[in-house]
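Numbers restart at 1 for each chain; the letters A, B, ... are given by sequence-line order, proteins then strands.
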Protein chains: 2
Amino acid sequence: MLRDGYAAVTSRSVEAEAGLKLHYHFGTLDDLFIAVVRRRGESNVGLLEDALASPDPIRAWWRLASERRGNALLVELSAAANHRPALRAEVATFAREVRRMQLEALDSLLDDYGIDRKVFPPALVAASLQGLAFASAYDLVAGFDTAQVEASEAMNRLLDRLEKRRGARRKA
Amino acid sequence: MLRDGYAAVTSRSVEAEAGLKLHYHFGTLDDLFIAVVRRRGESNVGLLEDALASPDPIRAWWRLASERRGNALLVELSAAANHRPALRAEVATFAREVRRMQLEALDSLLDDYGIDRKVFPPALVAASLQGLAFASAYDLVAGFDTAQVEASEAMNRLLDRLEKRRGARRKA
DNA sequence: CTGAAGTTAGAGCACACGCTCTAACTCGGA
DNA sequence: TCCGAGTTAGAGCGTGTGCTCTAACTTCAG
């Protein structure tokens with residue numbers, strides 16, 4: 001999937017590559033995709049949980065969100081979900097769950113970071129961070145070259161400042 | 001394309017819907033997609049140019065970037081570009097050009113808005129704004145329901161503040 | 001009215017897909 | 001050793017694709 005794109009995942013290519021009978025073990029192709037989403041999604045929920053509970057939650061979240069392989073996979077799965085309603089529903093479930101976790105975490109974290117929730121409510125922060133990471137990954141996967149490196153370096157510096165501020169505030 | 005997704009754009013469906021012979025008028029299917037990107041892309045470059053030169057440039061840009069139809073089309077075209085190298089190259093050209101325009105505009109605008117370019121350099125601002133808009137559109141198109149409405153309302157309020165600040169600074 | 005240029009209808013080709021089916025194979029327990 | 005459960009190989013079906021091709025139709029200048 002990462003090598004050739006989701007469209008290259010056909011019953012024949014899977015059987016050739018994996019050396020087993022797809023329809024015997026998984027049922028339909030949809031079932032295969034859904035199994036992938038479920039596996040990956042559950043592991044991701046776990047990782048996000050850890051990140052949000054870590055000592056520098058937003059930085060950890062950002063690191064997770066900008067992770068390259070995971071994002072490439074997400075891009076492919078989202079594209080595949082375009083033509084597979086069942087898959088789309090499964091992806092939607094995880095997207096909602098992940099966003100819910102982020103909003104809940106931010107709700108108590110924003111004050112720690114000294115972020116004014118009137119100006120930057122959780123929904124905006126979450127959507128921006130995740131959107132920046134996703135769009136950067138998208139452009140990278142597609143080879144668009146839209147100054148993602150510069151942006152992500154600036155983001156890392158911004159996170160340094162934020163985490164430092166949080167550290168200072170929590171000490172006080 | 002917007003109704004049924006890019007995968008529904010087949011030689012036969014196009015001929016049925018448009019009532020003309022695709023291969024006679026356009027050549028290959030790739031050529032059709034590329035023509036669409038080129039038309040849409042050029043018009044979009046023009047619109048962005050106007051937006052960035054308008055009295056409230058960032059708000060206008062944001063409005064353009066969150067425009068629903070355009071974004072849905074972008075999502076479809078990006079997905080289609082996944083399996084069509086020629087198309088991907090064409091989309092990449094416009095993505096780069098658009099980003100270049102944004103960076104150039106921000107380079108002189110940031111001071112007007114009183115945004116500290118040490119913390120928020122043009123690349124970060126551009127990628128965030130565009131990323132937020134794109135990801136929101138993506139989630140909307142896919143029906144993911146990840147609090148995009150809340151986020152976009154907050155973004156509008158943030159833009160109100162920013163544009164107001166710019167107005168005040170320019171008067172002084 | 002003639003005839004050439006532009007355009008279409010529709011059959012057809014080679015290919016790939018998802019999925020099903022049957023015959024064969026492997027292999028561990030009795 | 002034999003049996004039966006688990007698994008595979010590989011042919012096959014129906015469908016849809018991109019694209020080509022030829023014969024027919026339309027249009028309009030001369």
Side-chain angles (χ1 to χ4, degrees), chain A residues 1-42 72-94 138 141-144, chain B residues 1-42 72-94 138 141-144:
Chain A
M1 190 138 149
L2 289 177
R3 173 159 38 84
D4 302 322
Y6 78 88
V9 179
T10 72
S11 45
R12 281 167 179 82
S13 76
V14 166
E15 299 192 345
E17 197 115 356
L20 48 77
K21 296 296 279 187
L22 167 67
H23 297 101
Y24 180 78
H25 290 275
F26 275 95
T28 134
L29 247 194
D30 261 41
D31 296 333
L32 206 222
F33 275 107
I34 288 177
V36 170
V37 169
R38 209 160 277 169
R39 262 252 275 275
R40 192 79 195 185
E42 271 159 19
L73 206 61
L74 177 61
V75 167
E76 289 300 327
L77 284 172
S78 305
N82 246 341
H83 337 290
R84 299 180 176 274
L87 182 56
R88 169 168 15 206
E90 196 64 29
V91 176
T93 302
F94 281 104
Y138 202 107
V141 168
F144 282 1
Chain B
M1 189 138 150
L2 288 177
R3 174 159 37 84
D4 301 322
Y6 77 88
V9 178
T10 72
S11 45
R12 281 165 179 83
S13 76
V14 165
E15 299 193 345
E17 198 116 356
L20 48 75
K21 295 297 278 188
L22 168 67
H23 296 102
Y24 181 79
H25 290 275
F26 275 95
T28 135
L29 248 193
D30 262 40
D31 297 333
L32 205 223
F33 276 107
I34 288 177
V36 170
V37 169
R38 209 160 276 170
R39 262 252 276 274
R40 192 79 195 188
E42 270 158 19
L73 206 61
L74 178 60
V75 167
E76 289 299 328
L77 284 172
S78 304
N82 245 341
H83 337 288
R84 299 180 176 275
L87 181 56
R88 174 177 359 214
E90 196 65 29
V91 175
T93 302
F94 280 104
Y138 203 107
V141 168
F144 282 0

**Student:** Between B:Ala8 and B:Ser13, what is the shortest heavy-atom contact and its length?
**Tutor:**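 Minimum heavy-atom separation between B:Ala8 and B:Ser13: O-OG, 2.7 Å.
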
**Student:** What is the distance from atom OG of A:Ser78 to atom CZ of B:Phe144, rounded to the nearest 0.5 Å?
**Tutor:**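 Going from OG on A:Ser78 over to CZ on B:Phe144, the span is 5.0 Å.
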
**Student:** Looking at B:Ile34, B:Leu32, B:Val14, which hits side-chain contact (heavy atoms from CB on, under 4.5 Å) with B:Phe26?
**Tutor:**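 Of all the options given, the one that passes is B:Leu32.
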
**Student:** If I take atom NE2 in residue A:His23 and atom P in nucleotide D:dC13, what distance separates them, rounded to the nearest angstrom?
**Tutor:**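 After rounding, the gap between these two atoms is 18 Å.
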
**Student:** How close or far is atom P of D:dT8 from atom OH of A:Tyr24, stated in whole angstroms?
**Tutor:** 8 Å

**Student:** Near DNA chain D, under 4.0 Å by heavy atom, which residues of residues 25-36 of chain B?
**Tutor:**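 Residues of residues 25-36 of chain B that come under 4.0 Å of DNA chain D are, in numerical order, B:Thr28, B:Leu29.
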
**Student:** On a heavy-atom basis, which atom in B:Ser11 and which in B:Leu29 lie closest, and how many Å separate them?
**Tutor:** N-CD1, 4.2 Å

**Student:** Atom CG in A:Asp31, atom NE2 in A:His25: separation rounded to 0.5 Å?
**Tutor:**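 Here the interatomic distance stands at 14.0 Å.
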
**Student:** Under 4.5 Å between any side-chain heavy atoms of B:Val9 and B:Phe33, yes or no?
**Tutor:**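 Yes. Closest side-chain heavy atoms under 4.5 Å.
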
**Student:** What's the shortest heavy-atom distance between A:Leu22 and A:Glu15, and which atoms?
**Tutor:**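 Closest approach of A:Leu22 to A:Glu15: N-OE2, 3.2 Å.
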
**Student:** To the nearest 0.5 Å, what is the distance between CD on B:Glu42 and CZ on B:Phe94?
**Tutor:** 5.0 Å

**Student:** Fit a plane to each ring of B:Tyr6 and A:His83, take the angle between them on a 0 to 90° scale, and name the class: parallel (under 30°), tilted (30 to 60°) or perpendicular (over 60°).
**Tutor:** perpendicular

**Student:** What protein N or O atoms touch nucleotides 9-11 of chain C N or O atoms at under 3.5 angstrom, if any, and at what distances?
**Tutor:**
from, atom 1, to, atom 2, distance (Å)
C:dA9, N7, B:Lys21, NZ, 3.4
C:dG10, N7, B:Lys21, NZ, 3.4
C:dG10, O6, B:Lys21, NZ, 3.1

**Student:** Using heavy atoms and a sub-4.0 Å distance, could you list which residues of residues 80-88 of chain B are near DNA chain C? By number, please.
**Tutor:**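 Here the set is empty: none.
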
**Student:** Should B:Leu74 and B:Arg40 count as side-chain neighbours, where that means a heavy-atom distance under 4.5 Å?
**Tutor:** no

**Student:** Give one of base, sugar-phosphate or nothing for B:Ser11, where a contact means two heavy atoms less than 4.0 Å apart.
**Tutor:** base

